[in-house]
Amino acid sequence: MPEGNEIHRWAARHTAAFAGKKVRVDAPTSSRFEDADRLDNKLLLNVRAVGKHLGYNFGKDRILHVHLGMYGDFTEGTGELAPEKGALRIRLWNAAAVKLGTQPGESKRHAWYSNDDGTGHIAPEKVAWVELRGPTDCSIWTEAKWATLLERLGPDPLNGDKPLRFVEKITKRKTPVGALMMDQTVAAGIGNIYRAELLFRARLSPFAAGSTVPATTLAAIWKDAIPLMKAGMVDRRIVTTKPKDRPTKKTGAPLKEEAHYVYRRHGKPCLLCGTTILTKIMAGRNLFWCPSCQAAENAKD
DNA sequence: GCCTTATGCTCAC
DNA sequence: TGAGCCTAAGGCT
């Protein structure tokens with residue numbers, strides 16, 4: 001269940017593991033991915049990421065497009081290939097690093113990040129195989145189709161894009177800013193956690209019409225998003241609270257219950273003012289906000 | 001075990 | 001606006 005931070009993280013790891021190498025690709029015949037043969041044993045040139053989309057570039061107008069959707073995820077490992085356990089699993093592996101025909105390896109989901117101390121972490125260049133399950137899309141795209149995607153998506157904080165288009169797209173609309181933040185044509189890669197947390201950190205009401213939000217506030221949100229999302233790439237964990245705002249004042253990796261200001265904290269007191277955090281569906285997803293810190297009147301013209 | 005929920009998105013109405 | 005996609009985890013009983 002990824003936002004842009006995880007997608008870019010996978011792109012970086014899979015680049016380190018597979019780019020410039022001959023990659024084996026397979027998928028069960030029962031899966032929806034029929035084209036594994038077109039990529040199997042081909043040289044992977046590079047891996048792209050934009051917003052929540054991944055593109056594995058095999059050259060010759062063959063880009064394996066992966067979108068994880070709500071449920072998709074990767075498992076990764078070293079050495080022996082994990083056994084297939086379901087119909088929809090698609091596997092990529094380094095032709096040179098993985099020996100087949102040995103005892104099946106054990107697929108330990110997320111073994112490399114199971115503890116905050118990094119126990120079990122696999123250095124990206126040591127990854128020999130990845131297994132993909134449950135993606136919304138896994139299909140071979142042409143460069144033209146990828147270009148269409150880039151045209152549609154808004155700027156991506158993790159791709160060095162400037163905030164100008166983000167600011168313009170929001171200030172032109174009367175739609176609540178909390179809904180616009182989820183729109184991938186406004187900003188690519190921001191999802192439900194970052195929406196809630198970025199708005200809180202800016203003390204901005206999610207209900208403020210886009211046109212009423214000062215450009216300086218939006219530019220500040222963009223500037224805030226970049227390091228926050230980069231941090232989420234490192235440890236695959238979204239942390240948005242500042243140590244001084246945590247009840248324990250703990251620095252470094254925070255407790256689970258003090259990693260966010262508002263996301264999934266409805267019914268609990270605001271970490272800053274004690275007001276009860278509220279929730280409501282906006283843009284089809286559960287929005288969380290502090291009605292006091294993010295009062296509508298905070299949004300100035 | 002069962003039920004709910006989830007960092008996403010598309011399509012039909 | 002709601003259903004559907006599809007998978008796993010967590011909180012219950």
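Worth knowing before you read on, the calculation uses all heavy atoms, side chains too, and leaves out hydrogens, waters and symmetry mates. In what follows, every chain begins at residue 1, and chains take the letters A, B, ... in the order their sequences are listed. Values in this document were obtained by computation on a predicted structure and should not be read as measured data.
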note: A/Glu3, atom CD; B/dC9, atom P; distance rounded to Å ~ 9 Å
Options B/dC9, B/dT10, C/dT7, nucleotide nearest the side-chain atoms of A/Arg152: B/dT10
Please give the distance between the P atoms of B/dG1 and C/dC6 as a whole number of Å. 25 Å
Could you check how far CD of A/Glu6 sits from P of B/dA6, rounded to whole Å? 17 Å
With A/Arg265 as the cation and A/Tyr261 as the aromatic partner, state whether NZ or CZ is under 6.0 Å from the six-membered ring centre and within 45° of the axis. no
Check: A/Leu39 main-chain N/O paired with A/Arg62 side-chain donor or acceptor under 3.5 Å: no
What is the distance from CD1 of A/Ile190 to C1' of B/dC9, rounded to the nearest Å? 17 Å
Please work out if A/Tyr194 contacts a base, only the sugar-phosphate, or nothing of the nucleic acid, heavy-atom cut-off 4.0 Å. nothing
Whole angstrom is fine here: how far is it from NE2 in A/His266 over to C1' in B/dA6? 12 Å
Gap between atoms OH and P, on A/Tyr71 and B/dT5 respectively (whole Å): 13 Å
Who pairs with A/Glu143 by salt bridge (charged side-chain N to carboxylate O under 4.0 Å, His left out), at least two apart in sequence or on another chain? A/Arg48
May I ask you to decide if A/Lys244's main-chain N or O and A/Lys249's side chain share a donor-acceptor pair within less than 3.5 Å? yes
Only pairs with both distances under 3.5 Å count, Watson-Crick or wobble alike; so what is the partner of C/dG11 in this structure? B/dC2
Paired to B/dT10 by Watson-Crick or G-U wobble criteria (both distances under 3.5 Å) is C/dA3
Starting at NZ of A/Lys52 and ending at C1' of B/dC9, how long is that distance when rounded to a whole Å? 9 Å
Nearest whole Å is fine: how far is B/dT7 P from A/Ile238 CD1? 10 Å
note: A/Leu153, atom CG; B/dG8, atom P; distance rounded to Å ~ 14 Å
Can you tell which of B/dT7, B/dT5, B/dC9 lies closest to the side chain of A/Arg264? B/dT5
Closest approach to the side chain of A/Arg133, judged atom by atom: which nucleotide of C/dC6, C/dA8, B/dG8 is it? C/dA8
Can you check the distance between B/dT7 and C/dT1, where both ends of the measurement are the C1' atom (answer in whole Å)? 22 Å
Could you work out the separation of B/dT10 and C/dA8 based on their C1' atoms and round it to a whole Å? 22 Å
Taking any heavy-atom pair under 4.0 Å as a contact, classify A/Arg285: base, sugar-phosphate, or nothing. base
Assign A/Asn286 to base, sugar-phosphate, or nothing according to its heavy-atom contacts below 4.0 angstrom with the strands shown. sugar-phosphate
I'd like to know if A/Lys250 and A/Glu258 make a salt bridge, using a cut-off of under 4.0 Å between side-chain N and carboxylate O. no
